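Worksheet for the structure shown next.
Keep in mind that what you see is a predicted model, and the values were worked out from it rather than measured. When a ligand or atom number is given, it counts from 1 through the structure's own listing order.
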Amino acid sequence: MPHSRALQDALRKVQDAAQADSTGSGQAHVDFLEAIRKLNLASETPAETLMRMRFEPLQSAAIRIALEAGIFAALDEAQGRSMTATLLATKTGYDALLIARIMRLVTCVGVADEVGENTYTANDMTRLINQPGLSGGEKHHFDLFFPIGARLVEYMHRTGVHQFPKDDSELSPFRYAHNGMHFFEYFDKTPEQRKYLDDYMAVRRVGLATWFETFPMAQTLCPGTKTDQDEVLLVDVGGSWGHELAAFARAHPDAHGRLILQDLPKVIEKVKGEAPPASVECMAYDFFTAQPVKGARAYYFRNICHDWQDSICEQILVNTAQSMERGYSRILIDEYVLPDTSAPIRGSSMDFLMMMFCSGIERTKRQWESLLDRCGLEIVRVWRTRSDYEQIIEAQLKE
Ligand SMILES: C[S@@+](CC[C@H](N)C(=O)[O-])C[C@H]1O[C@@H](n2cnc3c(N)ncnc32)[C@H](O)[C@@H]1O
């Protein structure tokens, strides 16, 4: 049995954290989840913990099959009515026994409810995972990561692990597993995966504070913005569908200044072809070239820098830094700022994922300072979200 004092201690911490969580602070909620995770560890024997972790990938596999087979969609459409495996088999075209085996595991992890023998209903998680953003996230992670995982050991022994490849001769785990393609090249060639990524990016932080609540743009930068008609308030560099600019425009319709969305030509073409967010200007721009928008009040980078190792990230940031007006323009980087010790599991996982996917990295404050310094930039302030997820780094040209 696990050491009972450690268990009692972990239980007490969960109770305290539960109490704090009822105050509604985002950070208290993160702390509460962390206390439960530690309680879980304290309750298990080491062998039980290892066994649990070893089996976790199977949960992802069951969820991915259920999603692809349309099981979650069928349950969601039933609008609260229960469905048997046999009925699900008729709806989806898959074998009833196969569905029962998938659902045994899926309901164990709570993504639907088992309400009788081989009988299920949708719950909140079923409905959520059936929406394009969350199903996109599931497909993006599973389809891109599992081929890497399957060949990881072979990769280590054949090429060594290249955290930060020097050139194209050094393969990243992603390139090794995905026919030599770089991360964004892969999306060019697989439009359905590009769509999963875009759908996912648009909702990834639903329920959390928006970046312009964490960084009070309307109170800090908007008041000092020049009043010229052509003034650019905000450029979202690599902004995908422009969801963040659109959200800002909705929340602050009276803010003065243009809002410009930049991304690769193919992405911008698609955004223009669909319904570009009103009041947002779309501009094709490759961030490895000089930033064409000069002297904007703010250049916003969300989940961009973590995709790239330092030497490449420097090029991206310098290209924009060279277009900034000293003392006026700001760069806003919306990313993790990992603590030096006891990093939370989500940030630690994201860092590992960035290494696997794109030779990128989640950075600590010291690593951010050093990177920005090499780009001629300095941190004005790190604006902390109420939870331990991504923060906003406000930076300017060095004085
Ligand atoms: C991880 S996504 C982040 C999207 C968005 N900023 C967000 O957080 O929702 C990275 C974005 O960078 C864009 N991107 C990749 N390479 C680029 C380049 N060379 N120039 C401009 N954008 C690029 C991608 O098309 C993609 O939209």
Would Glu335 count as a contact of ligand 1 if the rule is a heavy atom under 4.0 Å away?
no
State the CD1-OG1 distance between Ile392 and Thr210, to the nearest 0.5 angstrom.
8.5 Å
May I have all residue pairs that pass side chain to side chain donor-acceptor pair (under 3.5 Å) and include part of residues 108-121, sequence neighbours excluded?
Asp113-Asn123
Answer side chain, backbone, both or neither: which part of Asp307 comes under 4.0 Å from ligand 1, heavy atoms only.
side chain
Heavy atom under 4.0 Å from ligand 1: found in Phe184's side chain, backbone, both, or neither?
side chain
One thing to verify: whether Lys195 and Asp199 come together as a salt bridge, which I'm taking to mean a side-chain N less than 4.0 angstrom from a carboxylate O.
yes
Is there a ring-ring contact (aromatic ring centres under 6.0 Å, His included) between Phe145 and His141? Walk through the geometry before answering.
CA-CA 6 Å; Phe145 181 70; His141 277 263; 8.7 Å; no
Asp236-ligand 1 polar pair, N/O distance under 3.5 Å:
no
Do Tyr186 and His182 pass the ring-ring contact (aromatic ring centres under 6.0 Å, His included) test, and can you show the C-alpha distance, the side-chain angles, and the key distance before you say yes or no?
CA-CA 6 Å; Tyr186 171 89; His182 288 277; over 10 Å; no
Using a 4.0 Å heavy-atom threshold (strictly under), name the region of Ile304 that reaches ligand 1: side chain, backbone, both or neither.
side chain
Thinking salt bridges, do Arg205 and Asp334 make one under a 4.0 Å N-O criterion?
yes
How far is atom 19 (N) of ligand 1 from its nearest protein heavy atom, and which residue and atom name does that atom have?
Asp286 OD1, 2.9 Å
What distance separates Thr227 OG1 from His256 NE2, expressed to the nearest 0.5 Å?
6.0 Å
Residue Ser240 vicinity, atoms of ligand 1 by number, heavy atom under 4.0 Å:
4 (C), 27 (O)
Flag the pair Phe248 / His243 as yes when their ring centroid distance falls below 6.0 Å, and as no otherwise.
no
Check Tyr285 against ligand 1 and report side chain, backbone, both or neither, counting heavy atoms closer than 4.0 Å.
backbone
Among all protein heavy atoms, pick the one closest to atom 13 (C) of ligand 1 and tell me residue, atom and distance.
Asp263 OD1, 3.4 Å
Taking the side chain as everything from C-beta on, heavy atoms only, tell me whether Arg151 gets closer than 4.5 Å to Tyr176.
yes
What protein heavy atom lies closest to atom 23 (C) of ligand 1? Include the residue and the distance to one decimal.
Phe287 CE2, 3.2 Å
Using a strict 4.0 Å threshold on nitrogen-to-oxygen distance, state whether Arg194 and Asp188 make a salt bridge.
no
Within reach of ligand 1, part of Val267 (heavy-atom separation under 4.0 Å)
side chain
Are His243 and ligand 1 in contact, using a heavy-atom cut-off of under 4.0 Å?
yes
Can an N or O of Asp198 be found at a distance shorter than 3.5 Å from an N or O of ligand 1?
no
Polar proximity ligand 1 side, Arg194 side, N/O cut 3.5 Å exclusive
yes
Could you tell me whether Gly238 and ligand 1 have an N or O pair separated by under 3.5 Å?
yes
Judging by distance only, is a nitrogen or oxygen of Arg302 under 3.5 angstrom from one on ligand 1?
yes
Parallel, tilted or perpendicular: which describes the rings of Phe183 and Phe187, with under 30° parallel and over 60° perpendicular?
perpendicular
Sub-3.5 Å N/O-N/O distance, Phe288 and ligand 1
no
